[in-house]
Amino acid sequence: SSTPLKVAVTGAAGQIGYSLLFRLASGSLLGDRPIELRLLEITPALKALEGVVMELDDCAFPNLAGVEIGDDAEKIFDGVNLALLVGARPRGPGMERGDLLSANGAIFTAQGKALNKVAADDVRIGVTGNPANTNALIAMTNAPDIPQNRFSALTRLDHNRAISQLAAKTGAAVTDIKKMTIWGNHSATQYPDVFHAEIGGKNAAEVVNDQDWVENTFIPTVAKRGAAIIEARGSSSAASAASATVDAARDWLHGTPEGDWVSMAVVSDGSYGVPEGLISSFPVTTKDGDWEIVQGLEIDDFSRAKIDASTAELADERNAVTELGLI
Ligand code: NAX
């Protein structure tokens, strides 16, 4: 189709935005199909955002059909087909968890309501801003007219990190690794699962054959990678988060390849004992803009305990935002 896809990005003047916008505009999401960018920021960041738009102009991207910026969600989200909610309030000094949840609650209730009012009928909404799963839950709950399966939170960065760690351990190419799964919350409790993954068609856990590495190196390395990046780089992951945001949106819109799946945090229907209504990461396949949770995987005691721990944390977050009146 040559009609531009209208894609909103929030927090567009931030670190992730600085990488994401150029990936979107250069065709990583849509190839040759034109894209129109709708960029939302808070008022004090609009000037910086104008500078980023100057740079977008200077790239002379052939398929960038237009860029609009602003601080009014209802204007920016008007008619959007895809909304990438990246902007969020980071934890400041002395901020308690409740403060963080209320600050983000204010953002995601307002954005959920605005999307509900003005987004296109076919809108898909991907949440990158943290706490991503619970922010997605807040937006979803505040957008009652948008089907719940149009919301997802980003665990694709964790998924990609897990593939990369497994490739490094085994000497396999990243393209040989299939069926990786991140379960649960995008947080340190997440569970990257090698037991259902495959390397060159063989079971990954059997290829690795090192339970100690899985438990004491692989899982913590993936789960704490964000902190390791901050430690090394002095700021949080940005280019990799942007790349994962593009990967997730592209696969959602265009489908997963035969014989593989991806990790997406989506609303639970109770599959695998994950409490209904939580936005939790699952193995999913996608087709024509819709996702389906992969069914029938056998979950052993080790995996069960890990999934339960992460979904218990999500249930706690849901309780906290319910008490704050955000959902
Ligand atoms: P930055 O602080 O660089 O940028 C965030 C931007 O959001 C700022 O420009 C800010 O003005 C804007 N913003 C704040 N409130 C807004 C609102 N109501 N409407 C529109 N814009 C608003 O953060 P950055 O490094 O870009 O990270 C963005 C978010 O992604 C953070 O919440 C971060 O924790 C989260 N991440 C999520 C990841 C994931 O895998 N799900 C990984 C990377 C990243 O940590």
Side-chain angles (χ1 to χ4, degrees), residues 8-23 38-53 68-77 80 83-92 95 100-115 125-139 142 151-162 182 184-188 190 192 222-231 233-249 262-265 279-281:
V9 177
T10 71
Q15 281 206 93
I16 294 175
Y18 196 66
S19 179
L20 178 60
L21 303 183
F22 297 85
R23 293 285 305 278
R38 303 295 199 87
L39 310 179
L40 185 69
E41 259 296 349
I42 52 173
T43 318
L46 286 176
K47 178 148 186 277
L49 185 54
E50 280 171 22
V52 179
V53 174
E68 232 180 276
I69 73 170
D71 57 7
D72 179 343
E74 282 192 21
K75 282 190 189 144
I76 293 298
F77 291 158
V80 297
L84 302 173
L85 308 185
V86 177
R89 185 66 192 282
R91 191 189 287 257
M95 242 174 136
L100 186 74
L101 289 172
S102 359
N104 281 299
I107 296 173
F108 287 86
T109 48
Q111 293 183 359
K113 287 181 176 137
L115 286 164
I125 299 142
V127 178
T128 298
N130 280 322
N133 300 54
T134 295
N135 287 342
L137 179 71
I138 293 170
N142 283 277
F151 288 83
S152 91
L154 188 75
T155 51
R156 183 58 176 268
L157 178 55
D158 310 297
H159 176 101
N160 289 347
R161 286 167 170 166
I182 304 293
N185 200 359
H186 168 68
S187 77
Q190 66 176 267
V222 173
K224 295 177 190 164
R225 186 71 162 178
I229 302 280
I230 293 174
E231 174 69 25
R233 209 173 80 86
S235 30
S236 57
S237 4
S240 55
S243 193
T245 298
V246 171
D247 286 346
V262 293
S263 305
M264 279 170 75
I279 304 247
S280 188
S281 188

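Since the structure is predicted, the reported quantities are computational estimates derived from the model, not experimental observations. Order of appearance sets the numbers: ligands from 1, and atoms from 1 within every ligand. As a basis for the values below, the full set of heavy atoms in this structure was taken, side chains included, without hydrogen atoms, waters or symmetry mates.
Of all the atoms in ligand 1, the ones that sit under 4.0 Å from a non-hydrogen atom of Ala241 are 42 (C), 43 (C). Less than 4.0 angstrom separates some heavy atom of Val86 from each of these atoms of ligand 1: 28 (C), 29 (C), 30 (O). Each of the atoms 7 (O), 14 (C), 32 (O) of ligand 1 lies under 4.0 Å from some heavy atom of Ala88. In summary, the atoms of ligand 1 found under 4.0 Å from a heavy atom of Ile107, numbered by their order in the structure, are 15 (N), 18 (N). In the vicinity of Ala13, heavy-atom distances shorter than 4.0 Å reach the ligand 1 atoms 9 (O). Atoms of ligand 1 lying under 4.0 Å from any heavy atom of Ser237, numbered from 1 in the order shown and given with element: 43 (C).
For atom 21 (N) of ligand 1, a protein heavy-atom neighbour is present inside the 4.0 Å cut-off.
One N or O on the side chain of Ser281 and one on the backbone of Ile182 form a donor-acceptor pair closer than 3.5 Å. For the pair Thr10 (side chain) and Gly87 (backbone), a donor-acceptor distance under 3.5 Å is present. In terms of modelled atom types and a separation under 3.5 Å, the side chain of Ser243 and the main chain of Ala239 share no donor-acceptor contact. In this structure a side-chain-to-backbone donor-acceptor pair under 3.5 Å is present from Thr109 to Ala106. No donor-acceptor pair under 3.5 Å is formed between the side chain of Arg225 and the backbone N or O of Ala228. Of the possible donor and acceptor atoms, none in the side chain of Asn142 sits under 3.5 Å from a partner among the backbone N and O of Gln111.
Within the structure, the closest approach of Gly226 to ligand 1 does not fall below 4.0 Å when heavy atoms are considered. Distances from ligand 1 to the non-hydrogen atoms of Gln111 include at least one value under 4.0 Å. Using a 4.0 Å cutoff on heavy atoms, His186 counts as a contact of ligand 1.
At least one N or O atom of Ile16, backbone or side chain, sits closer than 3.5 Å to an N or O atom of ligand 1. Taking only nitrogen or oxygen atoms, main chain and side chain alike, Thr128 reaches within less than 3.5 Å of ligand 1. Below 3.5 Å of separation, one finds an N or O of Gln15 facing an N or O of ligand 1. Checking only distances, Asn130 does come within under 3.5 Å of ligand 1, N or O to N or O.
Residues passing the side chain to side chain donor-acceptor pair (under 3.5 Å) test with Ser237, sequence neighbours excluded: Arg161. The salt bridge (Lys or Arg N to Asp or Glu O under 4.0 Å) test applied to Arg89 returns no partner, not counting sequence neighbours.
Atom 2 (O) of ligand 1 has as its closest protein heavy atom Pro90 CG, 4.7 Å. Of the protein's non-hydrogen atoms, the one nearest atom 16 (C) of ligand 1 is Ile42 CG2, 3.5 Å.
At a 4.0 Å heavy-atom cut-off, ligand 1 touches Leu157 through the side chain alone.
Proximity of Asn104 to Ile138: side-chain heavy atoms (C-beta onward) are nowhere separated by under 4.5 Å. Residues Val52 and Phe22 have side chains in contact (heavy-atom distance under 4.5 Å, counting atoms from C-beta outward).
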